[in-house]
2 protein chains.
Amino acid sequence: MTGLSGQTPASYKPVGLSRIQEKNRSLILEAALGEFSKKGFSGATVERIAADAGMSKSNLLYYFSSKEAIYNATLAHILEIWLTPLKTLNPLGDPADELAAYIRQKIELSAKFPEASRLFANEVMQGAPQILPVLETDLKRLVEEKCQVIEDWIDTGRMRPVDPVHLIFTIWATTQHYADFSVQIKALTGKDLSDPDFQRSTETAVTSLILNGAGLKWPRESDPGA
Amino acid sequence: MTGLSGQTPASYKPVGLSRIQEKNRSLILEAALGEFSKKGFSGATVERIAADAGMSKSNLLYYFSSKEAIYNATLAHILEIWLTPLKTLNPLGDPADELAAYIRQKIELSAKFPEASRLFANEVMQGAPQILPVLETDLKRLVEEKCQVIEDWIDTGRMRPVDPVHLIFTIWATTQHYADFSVQIKALTGKDLSDPDFQRSTETAVTSLILNGAGLKWPRESDPGA
DNA sequence: TTGCATCTTGACCATTTGGTCAAATCACAC
DNA sequence: GTGTGATTTGACCAAATGGTCAAGATGCAA
């Protein structure tokens, strides 16, 4: 397993994908996300993914040249959406607002796409065989940039001195935990993020813990107007 | 895959295990932990585990009747050590000290047994096929008990009102994150918990964030003596 | 040393599974 | 309608893998 790139049938005429290709690739990726997140790379079978996608194994292999190719395409497909929230952390905004918004977005993603979270976790836990290069370049750059933002907030006295990288790891850990360990959470509380009330209470608790932990007032004092 | 129990060769005379059995079972469990945590249940192979343990596949299957039996034994083997720290949370102690000690112990475990953490995470992420019953009974009881402890601390005004279950989840999430995602952490920071300095900074950052988040003074004001 | 139970292994088997291929079917431009 | 390329599939293959078994090696008590 090496590399991480898209995949197209060997021969093609139009610049883009045909209507059928578009639909089938999408069906496959959706089915693959389900299988890979549920069973891991080794545990998932091409046949099962094909069945979930409503086609024969042979046909699936017409669209993706190998199991590894499906896996990589699935990873690439979720990676962007997964890392987007951090990019929106705005240096010019209020630290409390910005961090609260980031936490909220991450919990939102965990609630909406728990399978994506588990797939990502699985990949990293196995040593990130496919996405290590991305982590070491793109993600590293992004994290360094945002650490600098937090550092500036600290230096201007807008929040308590906290190691920015640990703050980011803590936010990742807590928010993703609710998706990755949802089975355990359901076993212990009877609920998980699919319950809107539980999502709300999670958001409240996590945001409150982390923001207060970072020396920020939360919840913000009620808005100015009387 | 069902049940979760020990395993012994079909026939045996002495009450305990023979010296050879003791040694080989131990070698197998150690090798199994390495393989299962690295590749997951499906990705690990009996042959590879046997090789790591320095014996033939046939011999391994003399000690454990099936791959699933090895897996269950490995899980059972790590489960107790993994859940022990929470049990030590003392209702009579000082909240800040108790929580700080708990966090320290959890980080210690993540540093010492990252493979155990990843195996546990893997199991839960796949839906906890083997240990769900344990989570729903033993762990649930334990968590309820400790939530009550925290509740009492809150009711007696010794800490800010925080949903106890979310507090526990946050501690689990953060501390285990450093073991489960160590590859990512290493990619981003160049270090992981195997570095004593990094372990120290992690402990400081996480403890400070969570305790202050819970409205506890941390670090404690320097001890009484001049 | 001897006898027996424990321990160890190589040969073997059945199943699963990723992947190939040639043939059949379909979509659609002309 | 017809022809051509895109799409789809069943038959098939080779490798990997969990597990069985009978035979041999080893440890040990008498």
Side-chain angles (χ1 to χ4, degrees), chain A residues 1-3 7-29 31-32 34-36 38-74 129-130, chain B residues 1-3 7-29 31-32 34-36 38-74 129-130:
Chain A
M1 292 223 268
T2 38
Q7 208 64 27
T8 41
S11 55
Y12 54 95
K13 279 280 191 47
V15 201
L17 300 174
S18 79
R19 189 175 44 82
I20 292 179
Q21 281 178 18
E22 193 86 44
K23 191 191 69 177
N24 281 342
R25 284 181 56 92
S26 162
L27 284 173
I28 291 168
L29 288 179
E35 287 301 310
F36 283 132
K38 206 170 308 179
K39 315 282 196 72
F41 178 80
S42 307
T45 75
V46 176
E47 177 123 36
R48 183 65 191 269
I49 295 173
D52 287 2
M55 68 186 69
S56 68
K57 184 177 64 164
S58 305
N59 201 24
L60 184 152
L61 287 165
Y62 168 73
Y63 288 99
F64 292 90
S65 61
S66 71
K67 185 185 184 183
E68 192 187 327
I70 314 171
Y71 182 71
N72 283 334
T74 310
Q130 304 300 317
Chain B
M1 293 223 271
T2 37
Q7 208 66 26
T8 42
S11 55
Y12 54 95
K13 279 277 190 50
V15 201
L17 301 173
S18 79
R19 191 176 43 83
I20 293 179
Q21 281 178 22
E22 194 86 44
K23 192 191 69 178
N24 281 342
R25 284 180 55 92
S26 162
L27 284 174
I28 291 168
L29 288 180
E35 287 301 309
F36 283 132
K38 206 169 308 177
K39 315 281 196 71
F41 178 80
S42 308
T45 76
V46 176
E47 177 124 35
R48 182 65 191 269
I49 295 173
D52 288 3
M55 68 187 68
S56 68
K57 183 176 63 163
S58 306
N59 202 24
L60 184 152
L61 287 166
Y62 169 74
Y63 288 99
F64 292 90
S65 61
S66 70
K67 184 184 184 182
E68 193 187 328
I70 314 169
Y71 182 70
N72 283 334
T74 311
Q130 305 298 319

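Numbered from 1 within each chain, the chains take letters A, B, ... in sequence-line order.
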Asn24(A) vs dT8(D): side-chain N/O to OP1/OP2 distance below 4.0 Å: yes
Tyr71(A) and Phe41(A) aromatic ring geometry - parallel, tilted or perpendicular at 30°/60° bounds: perpendicular
Interatomic distance, Glu35(B) atom CD to Arg48(B) atom CZ [nearest 0.5 angstrom]: 4.5 Å
Worked verdict on Ile70(A) versus Leu60(A) for side chain to side chain contact (heavy atoms under 4.5 Å, CB included): CA-CA 9 Å; Ile70(A) 314 171; Leu60(A) 184 152; 3.1 Å; yes
Sequence-aligned protein contact record of nucleotides 9-17 of chain D, with B where the base is within under 4.0 Å of a protein heavy atom and S where only the sugar-phosphate is: BBB-----S
For atom CD of Glu35(B) and atom C1' of dG18(D), their distance in whole Å: 15 Å
For atom CD of Glu22(B) and atom C1' of dT6(C), their distance in whole Å: 16 Å
Between dG18(C) (P) and Lys39(A) (NZ): distance, integer Å: 11 Å
Arg25(B) CZ to dT6(C) P, straight-line distance once rounded to whole Å: 16 Å
Value in whole Å for how far the C1' atom of dC7(C) lies from CZ of Phe64(B): 15 Å
dT6(C) OP1/OP2 closer than 4.0 Å to side-chain N/O of Gln21(B): no
Along DNA chain C (nearest heavy atom to each residue), the more 5'-positioned of Arg19(A) and Arg19(B): Arg19(B)
